[in-house]
Enquirer: 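Before we start, here is the structure in question, set down as structure tokens.
None of the values given here were measured: they were computed from a predicted structure. The chains referred to below are lettered A, B, ... by the order of the sequence lines, with proteins before strands, and numbering in each begins at 1.
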Amino acid sequence: PAVFDMLIKVYAEDGMVKEAFDAFECVLQTGFITPTIHSCNSLLNGLLKYGQLEMAWHVYEQMVEKGIKCNVFSYTMIISGFSKEGRMQEAIKLVLEMERMGCNPNVVTYNAIIDGYCRRGELEEMSNVLKMMLEKKIGPNVITFSMLIKGYCRESSLERAESVLMEMKARNLVPDCVTYGLLIDGYCKVGEIESAFRIKEDMVKGGLKMNVVICNTLINGLCKLARVEEAEQLVLDMRDWGLVPDKVSYSTILDAYCRKGDILEGFRVFDLMEQNGVKPNVVTYNSLISGFCRLEKMEEANKFLKKMAEVGMTPNEVTYSTLMDGYIKIGKTDEVLKLWNALLRDSFVPNQISYNTMINGLCKLGKMDEANEILLEMVERGSIPDSITYTTLIDGYCRIGNIEQAFKLQNEMVRKGFFPR
RNA sequence: UUGAUCACGAUACAUCAUC
């Protein structure tokens, strides 16, 4: 059993989760040893880290069947797995189940639930869970409040977000870098960079040190206001704080220059990062490619796709959508289709944005039937059409003069809970 | 006097419409 424990742990930690899973299955079949709760939890942890929720669920069922008693850790991990995918009914069901089994959910368990509602933007539910925690005398912690702040920031209610900060201080909870980081990012996203810096000052006054993420957040805030020079100065200032700019810092600046249409400056940053020993990643390349696409320089964009392959970098869904969109904008349909097929070949499943991009391409050509085919495929493969999908299709029908269909979709969109914009 | 390098939160790139 000890050996088995080790085996599972090693597999799970090295990302060989499939192997760990198989070993687990195998041991269960022979029935000679019963895995300890420790190895089960390591396995669950490994599986969930790699997004293998279904396998994790299977392990859970096996545990129940073999009478291995789950503990708080086991339940919380799986609950968190469901939450991350927005499968809240299942998450809640498991909370009830664990209570039924005499295992009490703790702060972390409830935080995992709150995290799920936060991802779905369901603020009401978030505060309901908080209320429930208070009733059950489970003290919320810094993370609980941070997630509330995140929720308010996402809907641009910065005042409410800041009042949560006050409330947590009133409860003698000490906000940490992440808490401040959320608020700083929140202010950056609404373009209130001065307030973002004000929060940063607060943080430093509170005795917390600056870190790379906070700097990057501010850099991004400046960049999105097209204040790239100040952003670049901030990268230089980082050294004085004893911080080392990373891929995110440089890529953010590079992207900002590309957005300005100044690809040369983008390349300068590209070189700068290499000089400083920071390797570009997919995002860095994607920003450059996107820059070329905006300038309709598709040959150049493609050159970088090739270059990625040369340096052994794998393009991702973003790379493909970027290029597809570039070709759509200049009306080169055949290239779009080629990329779509390459995407299907290379990648696992197109994501929501890949589908939206493709649908947009077809709509712009007035090929509404084909657009609908993709829509069907999208739903079949588990991607949920969002307000952008609908707006795209509605616009497509309007373009071909089919106002009737446009209204029909509009109604469907509202029925599904998306607000028309 | 002990309570788990197994659980929860922050930063960069792509898609629609309006202008």
Enquirer: Would the base of B:A14 count as contacting A:S321 through its side chain, where contact means a donor and an acceptor less than 3.5 Å apart?
Expert: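 Flag set: donor-acceptor pair detected.
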Enquirer: If you compare every side-chain N and O of A:K84 against the phosphate oxygens of B:G9 (OP1, OP2), does one of them come in below 4.0 Å?
Expert: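 It does, given that an N or O in the side chain of A:K84 lies less than 4.0 Å from OP1 or OP2 of B:G9.
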Enquirer: Which stems does RNA chain B form, counting runs of 3 or more consecutive Watson-Crick or G-U wobble pairs with both distances under 3.5 Å?
Expert: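 Detected stem regions: none for this strand.
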Enquirer: Would you mind telling me which of B:A7, B:U15, B:G9 lies closest to the side-chain atoms of A:S146?
Expert: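 Of B:A7, B:U15, B:G9, B:G9 is nearest to the side chain of A:S146.
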Enquirer: Quick one: label A:T389 by what it contacts on the DNA or RNA (base, sugar-phosphate, nothing), any heavy atom closer than 4.0 Å.
Expert: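 Nothing, no nucleic acid heavy atom in range.
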Enquirer: Is the base of B:G9 touched by the side chain of A:T144 through a donor-acceptor pair closer than 3.5 angstrom?
Expert: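 Donor-acceptor pair under 3.5 Å: no.
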Enquirer: When only distance counts, do a donor and an acceptor, one from the side chain of A:N360 and one from the base of B:A14, lie under 3.5 Å apart?
Expert: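 Absent.
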Enquirer: With sugar-phosphate meaning primed atoms plus P, OP1 and OP2, does A:C363 contact a base, only sugar-phosphate, or nothing at under 4.0 Å between heavy atoms?
Expert: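 Contact class for A:C363: none.
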Enquirer: Quick one: is A:K224 getting a side-chain N or O under 4.0 Å of the B:C13 phosphate, OP1 or OP2?
Expert: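 Result: yes.
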Enquirer: Please work out if A:V212 contacts a base, only the sugar-phosphate, or nothing of the nucleic acid, heavy-atom cut-off 4.0 Å.
Expert: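 Result for A:V212 = nothing.
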Enquirer: With rounding to the closest Å, how many angstrom separate the C1' atoms on B:G3 and B:A7?
Expert: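 Looking at atom C1' only, B:G3 and B:A7 are 16 Å apart.
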Enquirer: Give the minimum heavy-atom separation between A:E229 and A:A226, together with the two atoms involved.
Expert: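 It is OE1-O, 4.5 Å.
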Enquirer: Base, sugar-phosphate, or nothing for A:D246, non-hydrogen atoms under 4.0 angstrom?
Expert: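 It contacts nothing in the nucleic acid.
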Enquirer: Any chance CD of A:E404 has more than 12 other-residue heavy atoms, nucleotides or ligands included, within less than 6.0 Å?
Expert: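 No, the 6.0 Å shell around CD holds no more than 12 heavy atoms from other groups.
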Enquirer: Whole-Å distance between B:A10 C1' and A:R119 CZ?
Expert: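 From A:R119 CZ to B:A10 C1': 12 Å.
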Enquirer: If you look at every strand shown and take non-hydrogen atoms under 4.0 Å, does A:N316 touch a base, only sugar-phosphate, or nothing?
Expert: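 Nothing, no heavy atom under 4.0 Å.
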Enquirer: At less than 4.0 Å, is any side-chain N or O atom of A:K329 found next to OP1 or OP2 of B:C16? Yes or no.
Expert: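 Looking at the OP1 and OP2 atoms of B:C16, one of them is under 4.0 Å from a side-chain N or O of A:K329.
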Enquirer: For A:D386 versus A:T389, what's the shortest heavy-atom pair and its separation?
Expert: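 Of all heavy-atom pairs spanning A:D386 and A:T389, the closest is OD1-OG1, 2.7 Å.
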Enquirer: Nearest whole Å is fine: how far is B:U11 P from A:L182 CG?
Expert: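 To the nearest whole Å, that distance equals 7 Å.
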Enquirer: For a quick check of understanding: with a heavy-atom distance under 4.0 Å over all strands, which category does A:T357 fall into, base, sugar-phosphate or nothing?
Expert: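 Touches sugar-phosphate only.
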Enquirer: Quick check on the 6.0 Å ring-centre criterion: do A:W340 and A:Y355 meet it?
Expert: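 Aromatic pair counts; centres sit under 6.0 Å.
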Enquirer: Has the side chain of A:N281 got a donor or acceptor atom sitting under 3.5 Å from an opposite partner on the base of B:A12?
Expert: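 Checked by distance alone, the answer is yes.
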Enquirer: Which listed nucleotide (B:G9, B:A7, B:A14) is nearest to the side chain of A:V178?
Expert: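 The nucleotide sitting nearest to the side chain is B:G9.
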Enquirer: Give a yes/no on whether any side-chain N or O of A:K150 is located under 4.0 angstrom from OP1 or OP2 of B:G9.
Expert: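 Checking A:K150 against B:G9: no side-chain N or O falls below 4.0 Å of OP1 or OP2.
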Enquirer: Are A:F270 and A:Y285 close enough that their ring centers fall under 6.0 Å?
Expert: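 Ring centroids of A:F270 and A:Y285 are less than 6.0 Å from each other.
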Enquirer: Ignoring hydrogens, what is the shortest heavy-atom contact between A:M378 and A:P385? Give both atom names and the distance.
Expert: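 So the two residues come closest at CE-CA, 3.7 Å.
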Enquirer: Does B:A12 have OP1 or OP2 under 4.0 Å away from a side-chain N or O of A:R259?
Expert: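 Answer is no, no contact under 4.0 Å.
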Enquirer: Do A:K307 and A:F304 meet the cation-pi criteria used here (NZ or CZ under 6.0 Å from the six-membered ring centre, within 45° of the axis)?
Expert: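 Verdict for A:F304: a cation-pi partner in A:K307.
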Enquirer: Side-chain contact, heavy-atom cut-off 4.5 Å: A:E155 with A:R160?
Expert: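 Contact flag for A:E155/A:R160 side chains = no.
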Enquirer: Ignoring hydrogens and geometry beyond distance, is the side chain of A:D176 in donor-acceptor contact with the base of B:A10 at under 3.5 Å?
Expert: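 Not at all, since no donor on one side and acceptor on the other fall under 3.5 Å apart.
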Enquirer: Please evaluate the base of B:A14 for a donor-acceptor partner in the side chain of A:N351 within a cut-off of under 3.5 Å?
Expert: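 Side chain to base: pair found, below 3.5 Å.
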